[in-house]
Protein chains: 2
Amino acid sequence: MPAKRTIPTLDDVALAAGVSTATVSRCLNAPERVVKATRDRVLTVVQTLGYTPNFGARAMAARRTSTIGAIIPTMNNAIFARGLQAFQEQLHKRGYTLLVSSTSYRPELEEEQIRALIARGADGLLLIGYERDPAIYDYLATRDVPALIAWANERDRPEPAIGFDNRACMRALAQTVWDYGHRQIGVISATTKGNDRALRRVEGIRDTFLDRGLPPQNLSVVETPYSIKNGGAAFASLMATATPPTVVMCGNDVLAVGAIGRAQAMNLNIPEDVSITGFDDIELARIVMPPLTTVRVPHQKMGRRSADALIDMVETRTATRFAALKAKVKIRASLGKIATVADGKTAQD
Amino acid sequence: MPAKRTIPTLDDVALAAGVSTATVSRCLNAPERVVKATRDRVLTVVQTLGYTPNFGARAMAARRTSTIGAIIPTMNNAIFARGLQAFQEQLHKRGYTLLVSSTSYRPELEEEQIRALIARGADGLLLIGYERDPAIYDYLATRDVPALIAWANERDRPEPAIGFDNRACMRALAQTVWDYGHRQIGVISATTKGNDRALRRVEGIRDTFLDRGLPPQNLSVVETPYSIKNGGAAFASLMATATPPTVVMCGNDVLAVGAIGRAQAMNLNIPEDVSITGFDDIELARIVMPPLTTVRVPHQKMGRRSADALIDMVETRTATRFAALKAKVKIRASLGKIATVADGKTAQD
DNA sequence: TGTCCCCATGCAAGCGCTTACAACTCAACA
DNA sequence: TGTTGAGTTGTAAGCGCTTGCATGGGGACA
């Protein structure tokens, strides 16, 4: 009974099974190249000894790891969780492992994390959004590590990306809001610095309303880091002005949920007193009262496709451009209509 | 201008800087042991070449990784996110890196993940809850990898654990519910198979009510995987009985939020028609309407302490037992009082 | 029974890094 | 000027694994 204090290695297994290390290695990596009798004997020993191959050594010798790295802004809310889950399931199906790390929405940490993931042998990387120091793209290129961008897709950017067009999506929602008669608009955005997705969404809103002739002063935007609490605070500040908005469009559902909570605390009725919209359609959007009007993004599909695309990039060393995924405006009770009077001015009922 | 296709190694750096690999290695790992002039020269080359040390090679040579692995049931909701965040921040402060993986609440996947993390060189492991195949504990022992249990702490178990006593916590909440006059109890629990935390919580509820003489048939428990949706469905099934509960105690806040949503959809008033309680006190608990009565667990403290404890275990090769953390019953509007009549029977107002 | 080829297995050279130990330099002191 | 020792740098031996190539044993076929 070997109560060994020492961790078993390939050598130990080989010794105990009476074969060479090469054979043991083959039993583990290409079982069909080893005759059954030998294989069984080896695998029994592996079992008995509790042997687990050393990943670092393997990576070094084999020069690949079947590992994909992903760097996301946060694991703290459902925004990335759903897509990432699908991403990882698909990777798993294709024999890859996922390594995740998060920047806590501090873009300056991203480079370090990229290095760490690459040092750990990531064969490919999933990154969120386009905006980052060009040096990072250079680094990726010298290291020859394929990277795929997700959660965004802009037609005029050359990088391979699987995602949706944040600007266009938000434009579609804004169009609906316009059609519902809103002319006094509040916007709660995530901090746009270093976050192109957030910026594009705000642009989408601006596009729509200003193109249709809304006076700029009727559109006020506040920025705040993503969190329920911050959403509430931002909402309060927007409502505290002389001409409070009739609708508050939020950069994502998390902010919107915060806004709804705060509205209730302020005894405002939604949507009678003020309408609220979100973005993403996380589960919560259907749970809050009233249910949230938002943009439904195909997170699962995005995750799955990203996995396939990235693996292809890794295995074939090629990069392709992809079309943007479609998102859909989901109208729920948090958005109400405004009775429009004459020349674009509005009145509430 | 080296548009090298090849990834720079220590050798490349050494060559370019005109020093030995040993010196380069020292510049990176023990800069004070290299004279400034040399160090600067080396670091410049490192910069220029975009060199990043190969983690696997380093781990193999140095025989440690300063990496801690954590295996949690899911990343999909806030339950583990908060504690894990604190855990990782504290690790970072002390120079360690976190590797996370999740089992999606399928305990049978845990062993594989433990192996994977150990293969990747994890110096120590954070595991959630006690219940797992004893073979796993054996394996951990042979590999000589320290493991710390979190999110649970039972006095009579020998494993080092940092967490709270799920049973006692739930007992405290149940006591409050009892005091509020409830005598017809519904319970929505997570699947208890393979999940000792969930099981203990149910036991806590049973303890309290049955000890106080509640007829067993007045206490009905349904199990369902954690999710908002499932919480809603379970709630509906509990309410569909001949004598529906006056309070539904949920195994965690996520289930409770689902229950609240469903109650509203059923046009039930909370807490007039039915009270609902949760467990964890995630952010959502204060957002839902009405705010949720729950048990506030010190997730952050738990995360921080776990990091310190685990690092100590890794560095000193010792294990200690820890006292359970305290949790606190948080009473909010989702729990109402029942007007008690005579011998323990109840009536609603 | 002899020849050929295929298949299972072994041998051994690294993969990129750390680190014990050796070697050297040079300032300080006698 | 010789000796000493502290401080800096180099040498080289692995860490545990994969894999190209070499080897040898049979089965198939003539």
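Per chain, numbering begins at 1; letters A, B, ... match sequence-line order. Predicted model only: the values in this text are computed from it and were never measured.
Heavy-atom nearest nucleotides on DNA chain D were determined for A/Gly56 and for B/Arg33, and the one closer to the 5' end corresponds to B/Arg33.
No more than 12 heavy-atom neighbours from other residues, nucleotides or ligands sit within 6.0 angstrom of CZ on A/Arg33. Enclosure of atom CZ in B/Arg64 is not indicated, since only 12 or fewer non-hydrogen atoms of other residues, nucleotides or ligands lie within 6.0 angstrom. Heavy atoms from other residues, nucleotides or ligands lying under 6.0 Å from CD of B/Gln47 number 12 at most.
When only modelled atom types and interatomic distance are considered, B/Thr67 and A/Arg120 share a side-chain donor-acceptor pair under 3.5 Å. For the 3.5 Å distance criterion, the side chains of B/Asp123 and B/Thr65 qualify, holding a donor opposite an acceptor.
Between B/Leu148 and B/Phe322 the shortest side-chain heavy-atom distance falls below 4.5 Å. The shortest side-chain heavy-atom distance between A/Asn54 and A/Thr9 does not fall under the 4.5 Å cut-off.
For the pair A/Arg143 CZ and C/dG16 P, the interatomic distance rounds to 10 Å; values are reported in whole Å. In this entry the distance linking NZ of B/Lys36 with P of D/dT9 reads 13 Å, nearest Å. The CZ-P distance, from B/Arg39 to D/dT8, rounds to 10 Å in whole Å. Separating the CD atom of B/Glu32 from the P atom of D/dA6 is a distance of 18 Å, rounded to the nearest angstrom.
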Pairs under 3.5 angstrom, nitrogen or oxygen only, protein versus nucleotides 22-27 of chain D, please.
none

Give each protein N/O atom lying under 3.5 Å from an N/O atom of nucleotides 17-20 of chain C, with the pair distance.
| unit_1 | atom_1 | unit_2 | atom_2 | d |
| --- | --- | --- | --- | --- |
| C/dC17 | OP1 | B/Tyr51 | OH | 2.3 |
| C/dC17 | OP1 | B/Asn54 | N | 3.1 |
| C/dC17 | OP2 | B/Leu10 | N | 2.3 |
| C/dT18 | OP1 | B/Asn29 | ND2 | 2.8 |
| C/dT18 | OP1 | B/Arg58 | NE | 2.9 |
| C/dT18 | OP1 | B/Arg58 | NH2 | 3.4 |
| C/dT18 | OP2 | B/Ser25 | OG | 2.6 |

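With the end axes of the helix from C/dT1-D/dA30 to C/dA30-D/dT1 each set by five pairs, the angle from one to the other reads 40° at 10° resolution.
Heavy-atom minimum distance, B/Leu325 versus B/Pro298: CB-CG, 4.0 Å. Across every non-hydrogen atom of B/Phe164 and B/Met302, the tightest pair is CE2-SD, 3.9 Å.
Between B/Lys36 and B/Asp40, at least one side-chain nitrogen of the basic residue sits less than 4.0 Å from a carboxylate oxygen of the acidic one, meeting the salt-bridge criterion. Ion pairing of A/Lys93 with A/Glu89 is absent here, as no side-chain N (NZ or NE/NH1/NH2) approaches a carboxylate O to less than 4.0 Å.
When the nucleotides D/dT9, D/dC15, C/dG16 are ranked by their closest atom to the side chain of B/Arg63, D/dC15 comes out on top.
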